[in-house]
*Asks:* 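I have a structure I would like to understand better, so I am pasting it below and will then ask my questions one at a time.
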Amino acid sequence: MDTYTVLLVDDEEEVIQIIMKKIDWEGLGYSVIGYACNGVKALEMVEEYQPDVVMTDIKMPYMDGMALSNQIKSEFPTTKILIFTGFDEFEYAREAIHLEIEEYILKPVNSVELTNVFAQLKIKLDREISERRNVEELQKYYMESLPLLRVNFFSSLIEGRICGDDLSRYLTDYQIVFERPLFCCLVIHTSASHVPENMNPLLLNTSVQKQAEERLGEKWQAKSFPYLGNMVLIAQLKSEDEISELTDECDRFCRYARHIIGAVVTIGIGQVCEDILGLSQSYSGAREAVSYRVIYGCSRAINMKEIIPHENVRTSMIDDTKLSGFFKMIRIGSKEDVIEAVNKYVNHTFRTESSLAKYQIDIMELVSALCRFSENQDITPDILAGDIKQLYVRLLDMEADALKDWLVDISLAFREELISVRSQSTRSLVSRAKEYIYSNYGDEELSLDVVCRILGVSNSYFSTIFKKQTGNSFIGYLTEFRMDQASRLLIETNEKSYIIAKKVGYTDPNYFSYVFKRQFGVSPSRYRTEHKESEN
């Protein structure tokens, strides 16, 4: 039996305590993950815990229950909402119906009535989960996937096997329409090593594909098809600026898939292109982005443009040769992985040479591949910075073991430079964000969305690197900085609290006092008094 999570929201804590005690939550199949005394705090908890059910009062400080419900339905549409209030007004009820609220309950709350409400809601939640997991439905969907001709066309398109002269005919014959001017490839990878109990991996993958089509397909007019064990989506964009929004939506989908379906999903996002035939390069970038999950983690979206410095997302032809695994390990592997890849490459290529001419050609290909890789990644280790012709001659004279040692050295040098460049890029992004906070913390409109739009990155990527670099979320960091500035102004000036609140970005002085007390344990006026007394 599934257990569902509940968040209780009411500015009267005694009401929440009564509800928590009077209801047999465990017996009904629920667990209360916590409670909040206002809508702002509740929204923070919803974003962090993603509860299955939110039961909220209407009249609360800072953000009322209707505004909270609106926000939840917009960002977390699968969350069920129950509203309970002492205000029996038709307008509230009508808006609640418009928001698809599950129940509208009047205070005082009757435990028998509330038990019945949650029992009925449990049946509905069980039915929805069952529909998602129903094996017969998944099998039926799997058999009714996209027609074979379309799958073959899309597969050929991302493999770069469609000629420009044939493109129009294929689109017409297969009734495929692209309405927007820009395109982007997404690779959706479902982990086969993290499968819920009693779930077939193939059916789990199919479930992810179905949910991805429903949640991403319509808005982005995406064309979807299975390819090499993953799912590929060709998203359509109106402008290149939409790529950050697409990345954030993909990131939310990854978290949704883990919470609802139990699947560990990583979405790789390639570069945006104007030409449909350019989707082969976009696919290569998306496929490579998925491989970066070993660095950035699973259950998230990874945008190739964001993780590769200097907007350099070119894919070299060496990715389709015997050197592809070798270069992949340089980008994302450990030192041991790189050394193993070098050994494998050298043993396979130079231990079984059939002629001197072939050996010379292989050396030439190796040097060329290393130069292309260095150029594509905008790095030039000292070991490769000299005369390429002299390097080629020197390598021809090396024994296999010496060649292997040389290749290990240059490969590890490549790896260290990539790590350094990646780290510098991340630190630069966080530093720019901090500088923006320092200059604009008094702006009440300052938010994560605003900063990410200015930096040109997705919320999901920025939030990850910001927390990794600072140990705090962006909102947490901004709040602490504002409170530090407010505490300084309280001590150094005689300005009233509401003026100081406005100076640090709070238009509501009551909410400012609430946040200040949560930070320092005392109200702003008490804080000023205590510090003035200590000075005297």
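Fair warning: this is a prediction, and the values are worked out from it, not measured in the lab.
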*Asks:* Evaluate F178 against I176 for side-chain contact (heavy atoms from CB on, under 4.5 Å), listing each step before the verdict.
*Replies:* CA-CA 7 Å; F178 289 101; I176 299 171; 3.8 Å; yes
*Asks:* Under 3.5 Å, is there a donor-acceptor pair between the side chain of N152 and the main chain of L149?
*Replies:* no
*Asks:* Determine, step by step, whether K335 and E340 satisfy the salt bridge (Lys or Arg N to Asp or Glu O under 4.0 Å) criterion, reporting the C-alpha distance in whole Å, the side-chain angles of both residues, the deciding distance to 0.1 Å, and the verdict.
*Replies:* CA-CA 9 Å; K335 289 184 179 180; E340 182 180 348; over 6 Å; no
*Asks:* Can you name the ring pair (Phe, Tyr, Trp, His ring centres under 6.0 Å) partners of Y4, sequence neighbours left out?
*Replies:* none
*Asks:* Assess the side chains of E75 and Q71: does a donor N or O sit below 3.5 Å from an acceptor N or O?
*Replies:* yes
*Asks:* Which pair of heavy atoms, one from T247 and one from S460, lies closest together, and at what distance?
*Replies:* CG2-OG, 3.8 Å
*Asks:* Quick one: pull up CD in Q236 and CZ in R180 and give me the separation to the nearest 0.5 Å.
*Replies:* 6.5 Å
*Asks:* Taking the six-membered ring of Y292 (Phe, Tyr or Trp), confirm whether the NZ or CZ of R331 is under 6.0 Å from its centre and within 45° of its axis.
*Replies:* no
*Asks:* Scan side-chain atoms only and decide if T266 and R300 contain a donor-acceptor pair under the 3.5 Å cut-off.
*Replies:* no
*Asks:* Using the salt bridge (charged side-chain N to carboxylate O under 4.0 Å, His left out) criterion, which residues pair with R161? Sequence neighbours excluded.
*Replies:* E159
*Asks:* Can you tell me which residue among R258, H194, R255 is in a side chain to side chain donor-acceptor pair (under 3.5 Å) with S299?
*Replies:* R258
*Asks:* Can you confirm whether E218 is buried at CD, in the sense that more than 12 heavy atoms of other residues, nucleotides or ligands lie under 6.0 Å from that atom?
*Replies:* no
*Asks:* Once the angle between the rings of F373 and F414 is folded into 0 to 90°, is it parallel (under 30°), tilted (30 to 60°) or perpendicular (over 60°)?
*Replies:* perpendicular
*Asks:* Mind listing the closest non-hydrogen atom pair of L279 and C185 along with its distance?
*Replies:* O-SG, 4.1 Å
*Asks:* Apply side-chain hydrogen bond (donor to acceptor under 3.5 Å, both in side chains) to residues Q211 and Y256 and explain how you reach the verdict.
*Replies:* CA-CA 10 Å; Q211 295 295 317; Y256 163 84; 2.8 Å; yes
*Asks:* Run T470 and K434 through side-chain contact (heavy atoms from CB on, under 4.5 Å) and show every step you take.
*Replies:* CA-CA 10 Å; T470 65; K434 286 182 177 180; 3.7 Å; yes
*Asks:* Looking at CE of M55 and CG of L82, how far apart are the two atoms once the value is rounded to the nearest 0.5 Å?
*Replies:* 6.0 Å
*Asks:* Between L216 and L233, what is the shortest heavy-atom contact and its length?
*Replies:* CB-CD2, 4.1 Å
*Asks:* Any non-hydrogen side-chain atom of N303 less than 4.5 Å from a side-chain atom of S458?
*Replies:* no
*Asks:* To the nearest 0.5 Å, what is the distance between CZ (R415) and CD1 (I339)?
*Replies:* 9.5 Å
*Asks:* List the steps, then state whether side-chain contact (heavy atoms from CB on, under 4.5 Å) holds for Y30 with L125.
*Replies:* CA-CA 11 Å; Y30 295 90; L125 286 165; 4.1 Å; yes
*Asks:* Using a strict 4.0 Å threshold on nitrogen-to-oxygen distance, state whether R453 and D449 make a salt bridge.
*Replies:* no
*Asks:* Is the backbone of V151 close enough, under 3.5 Å, to the side chain of Y174 for a donor and an acceptor to pair up by distance?
*Replies:* no
*Asks:* Between I81 and K73, is there a side-chain heavy-atom distance shorter than 4.5 Å?
*Replies:* yes
*Asks:* Which residues satisfy the ring pair (Phe, Tyr, Trp, His ring centres under 6.0 Å) test with Y49, sequence neighbours excluded?
*Replies:* none
*Asks:* Show, in sequence, the C-alpha distance, side-chain angles and deciding distance for E249 and K219, and conclude whether the salt bridge (Lys or Arg N to Asp or Glu O under 4.0 Å) test is met.
*Replies:* CA-CA 10 Å; E249 288 204 10; K219 178 175 180 178; 2.5 Å; yes
*Asks:* Using salt bridge (Lys or Arg N to Asp or Glu O under 4.0 Å), reason through K305 and E240 one step at a time and then give a plain yes or no.
*Replies:* CA-CA 12 Å; K305 182 178 179 181; E240 193 162 355; 3.7 Å; yes
*Asks:* Between S374 and L370 (side chain of the first, backbone of the second, donor and acceptor by atom type, cut-off under 3.5 Å), is there such a pair?
*Replies:* no
*Asks:* Treating D248 as the side-chain partner and N459 as the backbone partner, does any N or O pair qualify as donor plus acceptor under 3.5 Å?
*Replies:* yes
*Asks:* So, D64 side chain and A67 main chain: donor-acceptor pair closer than 3.5 Å or not?
*Replies:* yes
*Asks:* Would you please say whether a donor-acceptor pair under 3.5 Å links the side chains of S282 and Q271?
*Replies:* no
*Asks:* Do the side chains of D241 and S239 get nearer than 4.5 Å, heavy atoms only?
*Replies:* yes
*Asks:* How far apart are the closest heavy atoms of K467 and S473, and which atoms are they?
*Replies:* CD-N, 4.1 Å
*Asks:* If you draw a 6.0 Å radius around CZ in F481, do more than 12 non-hydrogen atoms from other residues or ligands fall strictly inside?
*Replies:* yes
*Asks:* Measure the acute angle between the ring planes of Y438 and Y477, then classify it against the limits of 30° and 60° as parallel, tilted or perpendicular.
*Replies:* tilted
